Amino acid sequence: MDKEVAIVGYAQTPYVADFNESREMMVLQATRAVLENAGIKREELDTIVTANNDYLDGRTISNMRLVEPAGSWRKNESKVEMDGAFAMLYAVTRILSGDHDIALVLGESQASVYAGILPGIMMLDPTFDRQRWLLNEVSAAALQASAYMDASGVSEDQISGVAAKNLDNASRNPVAMRSIAGADAKKVKASRPLYSPITELMMAPQCDGACALVLASGKAAARFEKPVWIKGLGFAHDSYLTERPLDTMSSLKMAADSCYSQAGIEDASSQVDLAEVYERFAHEELMAYEALGFCEPMKGGAFFDSGATKMDGKLPVNASGGALGANVECAAGLARVIEAAMQIRGEAGDHQVQGVKTAVAHGQSGICAQENMVYVLGGE
Amino acid sequence: MEYKEVTTSIDGAWNFSKWEWKFESIALIGRTFEAMKEHKLLGNKCPDCGTVYFLPKPFCRCLGMPDEFVEVKDTGTITTYTVTGAWGYEGITEEEGAQGEPLIFAGVQFDGADTKVVCVVEDVEPEKVGVGMRVKLKWPDKLEGAITDLSRCTPL
């Protein structure tokens, strides 16, 4: 893709355990903030795509009451029940259709209103898996981690190290919810055991929040300052967790390969300056290094040990703290895109990495990262 | 392969018992109920576009935030209506209308408001009700501080 769709504005509410306002008011804050950031008025929006979830919101067609706060009153609006990174895909395709020039994309949810692991249980196969209460999102991730550790030789210490890196990075990100400045792997490993090998600090904390961005067509982007261009995008879905190998993120690799071919990236490890990865659990970041082509298959642990993905490494990953710093369902993947765009624009403040020209952003949905979405972003 | 003979139902439940959604509407309507003790109806007004919401609401379609309580009148106009009670359909029983007693309810736009409240219209024959008919809120003898306080109208 060459200057067809650009990110021209972004906003994130603080990510917090309890927003203490309705989701409508939370979304209103995000919408007003993103329009201000882009420097446009509501009237200029051609299309709006939101990411939210009927089950989490407690009513079907849960975007119905977001019409006003999302700025979509009497406008072309739709939603996806997945991560916001997929809502962005939908908005990009709408712009590429030629029918729309400016789109608002928004992801949001409030974990404070529901019991944490229930939504994951409702994703399970209803005939055999749901009623036995063995599988939930955490236990399924534990099975994924275990399979990956066996195949790759990655250790609990390395997985803990990833979490420590991200929690420390999150301490420089003002919107993150969970952060531990100077976190070390020992502390992560010694935190509350959930399902082995996963401990509490290896799991992305569920929280409340909303984030949004404004997209513009190549034609419309000319009037905006510092557009961040979408150089490529790719997505792929895999089968249910019991019907695929859990030791590799195959659908993420397919998504990345497709995305890279559009973006002209032949060697991600040398051509990508920074990545924001949606790691719902620490081990998924290591698996993503491999699927995203930052290192060879099954070498994620060694790549991490090299220090390459630290803030001062050659390919920093999750300088924002990633989802381990804040995990809002339907928003955290879109937040990765926003963080990557902020880095390219040089607006990431205390967690800014110098010289970011090309960045990768990743979103996922489903148990054990069943669906994956990858973007390559770049400046002028 | 023919599956029909062995296809069965599987028990399941959607456990909503632990969800606790948040709404500002409780606080806003509380202010309205409080004012009703002094025989006033309070809606709220958007500072940006002037839309008056009754019932009051914290966010506006123009992205403004209604922050000023304004009085609306207890008289209004029927904008739409329906009559039921002579029949019902499966799964729905009309408490008042089950015995064939007509039940009329209408979208009533109280004077000064830009939005409607769904109210039961009493003291009138169904054939006499129509869009544009003027009505007045029937103030309850005893206020309950609940939406039912705002549920009944009579022709003006």
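Note that the structure is a prediction, hence the values are computed from the model and not measured. Letters A, B, ... mirror the listed sequences (proteins, then strands); counts begin at 1. All values below were derived from every heavy atom in this structure, side-chain atoms included, with hydrogens, water molecules and symmetry-related copies excluded.
Neither the backbone nor the side chain of A/Glu43 comes within contact range of chain B, judged by heavy atoms closer than 4.5 Å. Neither the backbone nor the side chain of A/Ile121 comes within less than 4.5 Å of any heavy atom in chain B.
Side-chain atoms of B/Glu24 come within 3.5 Å of backbone atoms of A/Ser22 as a donor-acceptor pair (strictly under, hydrogens ignored).
A distance of 8.0 Å separates CZ in B/Phe23 from CZ in A/Arg23, rounded to the nearest 0.5 Å. Distance CD/A/Glu36 to CG/B/Leu63: 12.0 Å, rounded to 0.5 Å. Rounded to the nearest 0.5 angstrom, A/Arg42 CZ and B/Asp48 CG are separated by 11.5 Å.
Judged as a ring pair (Phe, Tyr, Trp, His ring centres under 6.0 Å), and not counting sequence neighbours, B/Phe59 has no contacts.
Sparse packing is recorded around CD of A/Glu225, with 12 or fewer heavy atoms of other residues, nucleotides or ligands lying under 6.0 Å away. Counting heavy-atom neighbours within 6.0 Å of B/Lys136 NZ, excluding the residue itself, gives a total above 12. Residue-environment remark: NZ (A/Lys41) stays at or below the threshold of 12 foreign heavy atoms within 6.0 Å. The environment of NZ in B/Lys45 is sparse: at most 12 heavy-atom neighbours from other residues, nucleotides or ligands sit within 6.0 Å. No more than 12 heavy-atom neighbours from other residues, nucleotides or ligands sit within 6.0 angstrom of CZ on B/Arg31.
At a threshold of 4.5 Å between non-hydrogen side-chain atoms, the residues A/Glu24 and B/Lys57 do not count as touching. With contacts defined as side-chain heavy-atom distances shorter than 4.5 Å, the pair A/Ser112/B/Lys22 qualifies.
Within residues 140-154 of chain B, no residue has a heavy atom under 4.5 Å from a heavy atom of chain A.
Nearest heavy atom pair, residue A/Tyr55 against residue B/Trp21, reads O-CZ2, 4.4 Å. The nearest pair of heavy atoms linking B/Met65 to A/Arg32 is CE-CZ, 3.6 Å.
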